[in-house]
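Written below as structure tokens is the structure these notes are about.
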Amino acid sequence: EKLSFKLTNLDTLATTLGQTTDDRSVTNHYEFAIQTTERGHVHFDGQFQLSPIDIAGTVAVKNIAVASLWPLSDDIIDAKITDGLLSLLLNYHLSDDSDALRFRASDADFMLTNLVISDNTAPKVKLAELHINHVNIDTKTKRVDIDNIGLIAPWVAAYIDDRGIDLAAMFTPKRHVDLENRNQVQAEIESNSQHEAPFSWRVTLEKFALVNGDVTVNESLVSKGVYWRAYPISLTTGTIDSNFEAPINYKLAIKFAGE
């Protein structure tokens, strides 16, 4: 791994971000970079001032191997990510706005490629690509606007017998609270939900697309073993708005086969 950090011309009284672009200096400019052992890259850079709080910059994450992070969940579920690369790019701005912190993210892009989730013996879920493009977030206006989300070639292989679906067992937490604690937690959730304000954020998604989906099911619950396959699966939608005041236009196509 390689790590570097650079801070240029630190000035605790600077108001660099309040100046126009032409007047800005390199005061309080920061840069942080790391390269992982898998040759992934993480890079932060930007400028900040301390009073009032104002931080603006860019985050770039490229080809981070998610499999190396997954062992943190080994004690929670049986599913294991055995392959996959994560990339992220966004511009951010954190500022003091009327005694409250305001966070904004603009033109954020997220991508997950070549994802493989396996049980103890074989892959069970694959995804060629997940991308979420042109995301804008503002905590002051409570808006999340997303240009498009795409799922490219998702593949799922499931097995069903009298014990249930194997995928459900893979993703079920290993540790279960006892009945008394479970009832207590449920009572607390219900009590809190009665006092919570309605969800006030607005989320809009301009387009969603699922391309070349593939689901294979080996069913032996009521038969001696039948393979069912849904392929190709495609789904596209128009604008989806969390206020649900307008209908959602969509197009779905699926072909089925069995043997």
Side-chain angles (χ1 to χ4, degrees), residues 61-64 66 79 81-91 104-119 122-138 141-160 164-172 198-223 225-259:
V61 177
K62 184 177 181 181
N63 293 337
I64 296 297
V66 292
I81 292 182
T82 54
D83 201 0
L85 296 175
L86 171 68
S87 297
L88 171 70
L89 178 64
L90 66 84
N91 301 308
R104 283 168 284 176
S106 59
D107 292 325
D109 292 320
F110 172 90
M111 182 176 292
L112 186 60
T113 57
N114 300 322
L115 177 68
V116 179
I117 301 177
S118 306
D119 60 11
K124 302 295 291 184
V125 178
K126 296 181 182 180
L127 179 62
E129 180 181 308
L130 162 64
H131 61 255
I132 306 175
N133 296 131
H134 305 302
V135 181
N136 295 292
I137 304 171
D138 191 334
T141 60
K142 296 184 177 181
R143 288 289 303 259
V144 178
D145 298 298
I146 306 170
D147 184 73
N148 67 85
I149 295 177
L151 290 172
I152 311 301
W155 174 87
V156 177
Y159 178 78
I160 303 176
I165 304 175
D166 62 344
L167 291 180
M170 279 177 54
F171 291 99
T172 299
F199 183 72
S200 57
W201 279 70
R202 185 176 182 182
V203 181
T204 60
L205 170 62
E206 293 300 321
K207 181 181 179 181
F208 173 84
L210 185 155
V211 180
N212 285 334
D214 189 350
V215 176
T216 301
V217 178
N218 181 357
E219 183 274 316
S220 61
L221 180 62
V222 295
S223 68
V226 175
Y227 282 90
W228 298 97
R229 188 184 188 192
Y231 174 82
I233 305 171
S234 65
L235 171 65
T236 58
T237 75
T239 301
I240 301 174
D241 194 322
S242 61
N243 61 19
F244 295 109
E245 294 178 351
I248 300 172
N249 295 318
Y250 69 93
K251 183 178 180 180
L252 174 65
I254 308 176
K255 290 184 179 181
F256 293 97
E259 61 180 26

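Values in this document were obtained by computation on a predicted structure and should not be read as measured data.
- Note: Ile132 CD1 to Phe208 CZ = 10.0 Å, rounded to the nearest 0.5 Å.
- More than 12 heavy-atom neighbours from other residues, nucleotides or ligands sit within 6.0 angstrom of CG on Leu88.
- Scanning all heavy atoms of the two residues, the minimum distance from Val66 to Leu115 falls at CG2-CD1, 4.5 Å.
- Across Ala108 and Leu90, no two heavy atoms sit closer than the pair CB-CB, 3.5 Å.
- In terms of the side chain to side chain contact (heavy atoms under 4.5 Å, CB included) criterion, residue partners of Ala105 (sequence neighbours excluded) are, by chain and number, Phe103, Ile137.
- Residues Pro123 and Thr82 fail the side-chain proximity criterion, which asks for heavy atoms closer than 4.5 Å.
- Under a 3.5 Å cut-off, the side chain of Asn136 and the backbone N or O of Asp107 do form a donor-acceptor pair.
- Checked against side chain to side chain contact (heavy atoms under 4.5 Å, CB included), Val226 has the following partners two or more places apart in sequence or in another chain: Glu219, Ser223, Trp228.
- Judged as a side chain to side chain donor-acceptor pair (under 3.5 Å), and not counting sequence neighbours, Thr113 has no contacts.
- With hydrogens and angles disregarded, a donor-acceptor distance shorter than 3.5 Å links the side chain of Asp109 to the backbone of His134.
- Taking CG from Leu210 and CD1 from Ile149, the interatomic distance works out to 11.5 Å, rounded to the nearest 0.5 Å.
- To the nearest 0.5 Å, the span separating CG on Asn133 from CG on Asp147 amounts to 7.0 Å.
- Listed by first and then second residue, the salt bridge (charged side-chain N to carboxylate O under 4.0 Å, His left out) pairs involving residues 231-258 are Arg202-Asp241 (not counting sequence neighbours).
- Here salt bridge (charged side-chain N to carboxylate O under 4.0 Å, His left out) pairs that include residues 206-218, with residues two or more places apart or in two chains, are Asp214-Arg229.
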Audit row: Tyr159, Ser220, side chain to side chain donor-acceptor pair (under 3.5 Å) steps and yes/no: CA-CA 8 Å; Tyr159 178 78; Ser220 61; 2.9 Å; yes
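- For the atom pair Asp166 CG and Phe171 CZ, the distance stands at 10.0 Å (nearest 0.5 Å).
- Looking only at side-chain heavy atoms (C-beta outward), Ile117 and Met170 come within less than 4.5 Å of each other.
- To the nearest 0.5 angstrom, Ile146 atom CD1 is 7.5 Å from Thr204 atom OG1.
- Each of Leu167, Thr216, Val217 was evaluated against Val156; a single residue qualifies, Leu167, per the side-chain contact (heavy atoms from CB on, under 4.5 Å) test.
- Atoms NZ and CG, from Lys126 and Asn114 in turn, are 10.5 Å apart once rounded to the nearest 0.5 Å.
- A 4.5 Å side-chain heavy-atom check between Leu86 and Phe110 finds at least one atom pair inside the cut-off.
- In this structure, the side chain of Lys124 does not engage the main chain of Ser118 through any donor-acceptor pair within 3.5 Å.
- Legend: residues meeting side chain to side chain contact (heavy atoms under 4.5 Å, CB included) with Ser234, ordered by chain and number and at least two apart, are Ala253.
- Counting only heavy atoms from C-beta outward, the side chains of Lys62 and Leu89 never approach each other to under 4.5 Å.
- Side-chain atoms of Val215 and Ile233, non-hydrogen and from C-beta on, do get closer than 4.5 Å to each other.
- Tyr231 approaches Gly213 most closely through the heavy-atom pair CD1-O, 3.2 Å.
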